[in-house]
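Each chain gets a letter, A, B and so on, in the order the sequences are listed, and its residues count up from 1.
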Amino acid sequence: MSKNLVEELRWRGMVHDIMPGTEEQLLKESTTGYIGFDPTSDSLHIGSLVPIILLVHMERAGHRPIALVGGATGMIGDPSGKSDERNLLNEEQLAHNVAGIRNTMTRFLNFDASAENAPILVNNYDWMKNFSFIDFAREVGKRISVNYMMAKDSVKKRLTGEAGSGMSFTEFTYQLIQGYDFYHLYKTHNCMLQMGGSDQWGNITTGTELVRRMNEGVEAKAYAMTCPLITKADGSKFGKSEGGNVWLDADKTSVYKFYQFWLNTTDEDAEKYIKIFTFLDKETIDALIVAHAEAPHMRLLQKKLAEEVTIFVHSKESLDKATVASNILFGKSTAADLKGLDEQTFLDVFDGVPQAEIAKDSIANGLDMIGALAAKTNFLNSNGDARRALKENAVSVNKEKVKDDYLITEKDLIADKYIVLQRGKKNYFLLKVQE
RNA sequence: GGGGAGAUACCAAAGCGGCCAACUGGGGCGGACUGUAACUCCGCUGUCUUUCGACUUCGUAGGUUCGAAUCCUGCUCUCCCCA
């Protein structure tokens with residue numbers, strides 16, 4: 001192998017736990033490895049980005065990555081890291097989610113490529129759906145003891161202590177089913193490695209164990225590697241912004257917000273994230289870190305991180321639009337800049353900003369600010385709130401600060417129908433004038 | 001089953017007959033500063049009203065009083081101690 005995958009992942013801080021012999025195996029020959037994705041939603045959010053990137057690293061290092069969508073395991077529910085029993089998804093919802101994830105996944109891995117190590121996409125529902133309970137119990141269940149399964153953290157936590165709320169038989173079987181996936185892929189694709197987040201270590205080792213025991217008489221090899229769960233320096237949960245999850249699909253999280261999410265990374269986290277979430281090489285990153293330390297206010301790390309990840313997940317064109325939007329919203333833009341935009345660009349910039357419609361009549365004689373902010377639009381909670389904001393000198397119309405006696409008229413219209421209101425720097429509202 | 005403590009705004013927590021729309025802290029929002037940051041400083045944080053002021057709020061339903069978050073009674077809920 002020309003490239004040492006483990007070494008590459010190690011300097012990036014992406015190796016949490018690794019089974020002995022894994023590195024040797026990866027150096028010896030092109031190896032097939034897989035990661036499972038949970039179809040709990042119809043789209044992937046940035047929490048799934050790390051496993052996706054792991055698969056891409058595999059491919060780049062000359063190994064064959066398999067992305068497994070958990071159509072079957074999703075029907076059971078992974079107890080790892082959950083303190084309560086989960087609700088089951090119905091089949092229809094699950095099929096919808098599997099399709100959505102498959103769709104997102106193809107943006108990062110080319111499953112139609114013809115190369116020797118081209119990525120493969122599988123769904124464990126395909127081989128689990130016709131597996132009868134009795135067959136499963138005899139072929140798989142017999143190989144693993146309950147004692148072994150009970151020793152897993154994900155199970156122990158639920159059985160003991162105050163945090164535990166018990167566990168159904170359904171969730172207890174989860175690790176066996178995921179373990180069987182590994183065996184199935186070993187058998188059909190000679191897959192010898194499973195990767196995942198560190199919370200998956202227990203499930204993965206059940207898999208490696210199962211691969212060994214299912215192959216009586218033959219020396220079967222299966223390896224495991226996990227990456228650390230992504231954390232933030234301030235202890236809050238990674239991957240959430242005020243609006244909730246940050247998704248990989250532009251219609252769920254606009255490219256602008258996606259870009260902003262990365263741009264707002266703290267210095268400390270940026271150093272860590274740029275290694276994990278970009279494919280820049282060590283020299284480039286080290287140089288960036290040095291440059292950033294010299295001039296932290298330039299935020300070279302955050303900018304590069306945001307650019308790279310946005311291009312990887314979306315595209316160069318999307319990134320350009322996001323930076324244009326960012327400059328308008330945060331740069332020293334003026335009413336003239338706003339009015340210079342064509343309608344489409346304007347709408348892209350203000351994508352996701354709260355909107356309200358008002359009749360054209362109401363601005364004919366000038367619309368007072370309280371009406372624009374609260375009485376007619378509900379941007380702010382109450383008239384008093386609007387009055388307060390005005391008193392605090394916090395309100396802008398089309399990027400220009402206004403006083404409480406300002407009247408909105410037709411001359412404020414952008415593209416003949418929009419007015420941009422702001423409270424403070426970050427709270428934007430879009431007023432749309434209806435004919 | 002017995003005994004005790006409590007329920008106040010987004011959260012925590014004062015107030016214990018009029019000076020209470022309710023001390024204070026946190027959070028949130030805004031302003032100054034700044035790197036679209038951190039830190040720091042300042043302001044705001046029930047509704048309506050330009051101000052004055054009016055109205056609705058202190059678990060819930062009643063009552064006492066000129067006047068109640070504050071006193072009394074019923075109810076609901078929470079916590080603690082003993083069985």
Can you check nucleotides 48-52 of chain B for protein contacts, nitrogen or oxygen pairs under 3.5 Å, and list what you find?
unit_1: rC48(B); atom_1: OP1; unit_2: Asn383(A); atom_2: N; d: 3.1
unit_1: rC48(B); atom_1: OP2; unit_2: Ser382(A); atom_2: OG; d: 3.3
unit_1: rC48(B); atom_1: OP2; unit_2: Gly384(A); atom_2: N; d: 3.2
unit_1: rU49(B); atom_1: OP2; unit_2: Asn383(A); atom_2: ND2; d: 3.4
unit_1: rU49(B); atom_1: OP2; unit_2: Arg387(A); atom_2: NH1; d: 3.4
unit_1: rU49(B); atom_1: OP2; unit_2: Arg387(A); atom_2: NH2; d: 3.0

Any donor-acceptor pair under 3.5 Å linking the side chain of Gln302(A) with the backbone of Thr265(A)? yes

* Asked: With no hydrogens and no angle check, is any side-chain donor or acceptor of Asn97(A) less than 3.5 Å from a backbone partner on Asp42(A)?
  ->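 Yes.
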
Its dot-bracket string being built from Watson-Crick and G-U pairs below 3.5 Å, with | for another strand and [ ] for crossing, RNA chain B has the pattern ((((((((.[[[..)..(.....]]]((((((.......))))))(((....)))...[[[[[..)....]]]]]))))))).

Regarding Arg60(A) and Glu8(A), does a basic nitrogen lie under 4.0 Å from an acidic carboxylate oxygen?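 Between Glu8(A) and Arg60(A) there is no salt bridge, as every charged N stays at least 4.0 Å from the carboxylate O atoms.
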
Separation of rC29(B) atom P from Leu373(A) atom CG, nearest Å, is 17 Å

To the nearest angstrom, the CG-C1' distance between Leu380(A) and rG28(B) comes to 14 Å

Query raised in the report: Do any pairs count as a ring pair (Phe, Tyr, Trp, His ring centres under 6.0 Å) and have a residue in residues 387-414 of chain A, sequence neighbours left out, and if so which ones?
Result: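 Sorted pair list comes back empty.
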
Residue pairs meeting ring pair (Phe, Tyr, Trp, His ring centres under 6.0 Å), one or both in residues 315-361 of chain A, sequence neighbours left out, come to Phe346(A)-Phe350(A), Phe346(A)-Tyr418(A), Phe350(A)-Tyr428(A)

dist Asn398(A):CG -> Leu421(A):CG (nearest 0.5 Å) comes out at 7.5 Å

Sorted by number, residues from residues 316-324 of chain A placing a heavy atom under 4.0 Å from RNA chain B are none

Once base and sugar-phosphate atoms are separated, protein heavy atoms under 4.0 Å mark nucleotides 31-42 of chain B, 5' to 3', with B, S and - as SS-BBBS-----

